Amino acid sequence: MLSKKKKYLQIALNSTIEDACDIISRLPPDQRIILEAGTPLIKNYGAFAIRKIKQLWEQRLENEFNPIKSKKNTILDILIETNFKKNLFGMFSSSESSEALSPLKAYVVADLKCMDRGFREVIIAKESGASAATALGNAPVETLNSFIGACKENDLDSMIDMMNVEHPTAVLSKLKEPPNIVILHRGVDEEDFNPEKEIPYYEIQNIKSAYDIMIAVAGGDEIQEAQRAIFNDADIVVVWRAFYKSSDDTIKLAKDFLKEIR
């Protein structure tokens, strides 16, 4: 589960598994980075895409935050690592210890954009190692209720994507319980073919005044748009264009975005 006290950068991986692997290998291992198995990636590779991203990001974080990097080939190796973790836990109070080790647990979003069979799609995300899954706000209310309930039962964060939803609060008011996260989303085609259409930042306060939930903002890949999202009290900034292909600027881009979401 994400902390409401922090701001996060969500990087959507939408190209190929090979590109995703390369990008992950270049990203700064920061606990504020959320990785997303994007819809095109899942449609191309299935649940394998979710599992692979989770595996690679966990390895990246593990190597950064755990000084025991060698393979556990002997009983001595296992005992050394166990003792390290005990000592690390001892540095914090019980309420802090879980958060202290949280970087070792990669947070991956399965962008399923569920429109039906809410329970079944959540199970697919869960079995693939995802920490959160998405459903569309335009889905039937029965599907959204099933989706949110299944996420709760399976310890996943439920994310409702309000792309092309005119009144997000009207959708939320019909639900048995709210999701963990609402995504305010200007779609890629909207951005490309209707550049005048803006991300509805004003909805952030409309939603937060009525519900104790987190808000993600998607559809803007410029630093200035990230700044505007955070200024308007978004909790998660979602980007993808700058990370569609790996490049020498990947690390710098990620660090620049992270600076803006502090």
Side-chain angles (χ1 to χ4, degrees), residues 1-4 7-8 10 12 14 34 36-40 42-43 107-126 130-191 193-194 196-220 225 228-240:
M1 297 294 180
L2 299 178
S3 170
K4 293 179 181 177
K7 303 292 185 181
Y8 297 91
Q10 182 170 321
N14 288 313
I34 298 169
E36 173 191 318
T39 309
I42 294 175
K43 286 186 174 183
Y107 192 100
V108 175
V109 175
D111 190 18
L112 302 173
K113 291 188 172 70
C114 176
M115 277 291 286
D116 193 17
R117 301 294 301 275
F119 179 83
R120 179 63 189 133
E121 294 210 5
V122 168
I123 296 303
I124 292 171
K126 173 68 175 181
S131 305
T134 68
L136 290 175
N138 281 318
V141 67
E142 294 84 0
T143 298
L144 294 179
N145 283 331
S146 174
F147 174 84
I148 293 169
C151 282
K152 188 174 182 179
E153 291 176 13
N154 290 278
D155 296 321
L156 266 68
D157 280 332
S158 53
M159 304 178 76
I160 304 301
D161 189 331
M162 296 295 182
M163 181 169 56
N164 203 37
V165 173
E166 189 172 355
H167 301 294
T169 52
V171 172
L172 295 173
S173 68
K174 298 175 183 178
L175 302 177
K176 291 180 179 178
E177 59 181 319
N180 299 106
I181 301 163
V182 162
I183 307 170
L184 299 176
H185 192 175
R186 178 181 62 193
V188 175
D189 291 338
E190 291 177 295
E191 186 179 357
F193 300 108
N194 185 14
E196 290 78 22
K197 184 169 183 176
E198 295 189 351
I199 298 171
Y201 296 108
Y202 61 89
E203 291 285 7
I204 295 175
Q205 289 308 317
N206 289 342
I207 296 171
K208 285 196 171 188
S209 63
Y211 301 94
D212 183 23
I213 58 180
M214 299 177 75
I215 304 294
V217 171
E225 290 169 314
R228 189 175 177 188
I230 295 302
F231 178 80
N232 282 280
D233 201 25
D235 303 287
I236 303 167
V237 176
V238 186
V239 296
W240 76 274

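Since the model is a prediction, treat every value here as computed from it, not as a measurement.
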Treating [X] as the side-chain partner and [Y] as the backbone partner, does any N or O pair qualify as donor plus acceptor under 3.5 Å?
{"X": "Asn154", "Y": "Ala150", "result": "yes"}
{"X": "Lys7", "Y": "Ile236", "result": "no"}
{"X": "Asp235", "Y": "Ile215", "result": "yes"}
{"X": "Asn180", "Y": "Ser158", "result": "yes"}
{"X": "Tyr8", "Y": "Ser3", "result": "yes"}

If you look at every heavy atom in [X] and [Y], which pair is closest and at what distance?
{"X": "Lys126", "Y": "Asp155", "value": "NZ-CB, 4.4 Å"}
{"X": "Ile160", "Y": "Gly137", "value": "CG2-CA, 3.7 Å"}
{"X": "Val238", "Y": "Ala218", "value": "CB-CB, 3.7 Å"}
{"X": "Ala132", "Y": "Tyr107", "value": "CB-OH, 3.4 Å"}
{"X": "Met115", "Y": "Pro140", "value": "O-CD, 3.4 Å"}
{"X": "Thr143", "Y": "Cys114", "value": "CG2-SG, 4.1 Å"}

Between [Y] and [X], is there a side-chain donor-acceptor contact under 3.5 Å, judged purely by atom types and distance?
{"X": "Thr134", "Y": "Asp111", "result": "yes"}
{"X": "Asn232", "Y": "Tyr202", "result": "no"}
{"X": "Glu142", "Y": "Asn145", "result": "no"}

Test log, rule side chain to side chain contact (heavy atoms under 4.5 Å, CB included), inputs Leu2 and Ile34: CA-CA 10 Å; Leu2 299 178; Ile34 298 169; 3.7 Å; yes
A side-chain contact here means heavy atoms from C-beta on lying under 4.5 Å apart; do [X] and [Y] qualify?
{"X": "Leu112", "Y": "Ile42", "value": "yes"}
{"X": "Glu153", "Y": "Phe119", "value": "yes"}
{"X": "Arg228", "Y": "Glu198", "value": "yes"}
{"X": "Leu144", "Y": "Leu175", "value": "yes"}
{"X": "Ile207", "Y": "Leu184", "value": "yes"}
{"X": "Val217", "Y": "Ile204", "value": "yes"}
{"X": "Met162", "Y": "Leu172", "value": "yes"}
{"X": "Ser173", "Y": "Tyr211", "value": "yes"}

message: Set out, in order, the CA-CA distance, both residues' side-chain angles and the distance that settles side chain to side chain contact (heavy atoms under 4.5 Å, CB included) for Lys152 and Glu177, then state yes or no.
response: CA-CA 10 Å; Lys152 188 174 182 179; Glu177 59 181 319; 3.3 Å; yes
Residue that, paired with Lys113, satisfies side chain to side chain contact (heavy atoms under 4.5 Å, CB included) out of Met163, Lys43, Glu121: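 Only one of Met163, Lys43, Glu121 forms a side chain to side chain contact (heavy atoms under 4.5 Å, CB included) with Lys113, namely Met163.
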message: side chain to side chain contact (heavy atoms under 4.5 Å, CB included) for Asp212 and Lys4? Distances and angles first, verdict last.
response: CA-CA 10 Å; Asp212 183 23; Lys4 293 179 181 177; 3.1 Å; yes
task: Look at Glu225 together with Arg186 and state whether they make a salt bridge at an N to O cut-off of under 4.0 Å.
output: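 A salt bridge links Glu225 with Arg186.
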query: Would you call Lys208-Asp233 a salt bridge at under 4.0 Å N-O?
result: yes
query: What distance separates Asn206 CG from Thr169 OG1, expressed to the nearest 0.5 Å?
result: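 Separation between the atoms: 6.5 Å.
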